[in-house]
Amino acid sequence: MHPHHLHAHTTAHTLDTARRRLARTIATRRQVVDQPDGLRSSTLGRRSSLGGHGDPVGTIALLGTREHDPLADLAQFVGDRLAAIADQLTPPSPIDPMTRLLPLLPRLQPRAANVAARCFRMLTGRIDAALPAPPRLTAWPGDCPGCGVRLLQLHDAGPRDHWTVTCGAGCTCTGDGCPCQMPIRAQGVTHIWLRTTLTATTDRKAA
Ligand SMILES: [Zn+2]
Ligand SMILES: [Zn+2]
């Protein structure tokens, strides 16, 4: 698979995981507000416009609106951007845009996959910046075949056969003659390997 496709898959699954974290956080916040203490502490002063004291339904509805919950705003923004991409590639559909996009990614031209990956990465960055403690990547053993630095990182957000490894040093491919051992070398692309490919490579070197 072309490295641009690997990046697109990896960033898509990472974004999908970030979206689920965002949704869980929004749901948790609403549950907190649903508590009597939460009502008192976070919505004081709004009740006159919501039908008076003790109006949890109105309060929760208010927090669910885009203008009053920045995280709901962000979720809407991310969903809209994904839908815009999906609508360019498939007929409009009520199905979640990431569900529509994932099977399409391998069929994109490498350049289009690169554009999609950059967008997925940007959206994930927005979510990570809005939520506390973004998840850390798992270190992968061994030196980077491209630059020799021991900073390999495992991306395991998607299905196991799509797990990939990248180099935390951010090295890029120099194309033909690059020592990276990617099956397809492409000048300027950030190095990325299917985890299974890199394991096989390491085993061969050790043998
Ligand atoms: Zn490297
Ligand atoms: Zn390379």
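Remember, it's 1-based here, ligands and their atoms both numbered in the order they're listed. Heavy atoms only: backbone and side chains are in, while hydrogens, waters and symmetry mates are out.
- Only protein atoms were considered; those of element N, O or S under 2.8 Å from the Zn ion (ligand 1) number 4.
- Judged as a side chain to side chain donor-acceptor pair (under 3.5 Å), and not counting sequence neighbours, the contacts of Arg21 are Asp128.
- Vertex the Zn ion (ligand 2); arms to Cys173 atom SG and Cys178 atom SG; angle 110° (nearest 10°).
- Judged by distance alone, the side chains of Thr164 and Thr10 do bring a donor and an acceptor atom under 3.5 Å apart.
- Environment of CZ in Arg126: sparse, with no more than 12 heavy atoms of neighbouring residues, nucleotides or ligands closer than 6.0 Å.
- Listed by chain and number, the hydrophobic cluster partners of Val189 come to none, as no ILVMFWY side chain reaches under 4.5 Å of it.
- Sorted by first and then second residue, the salt bridge (Lys or Arg N to Asp or Glu O under 4.0 Å) pairs with a member in residues 98-110 read Asp87-Arg100; sequence neighbours excluded.
- No side-chain donor from either of His155 and Thr14 sits under 3.5 Å from a side-chain acceptor of the other.
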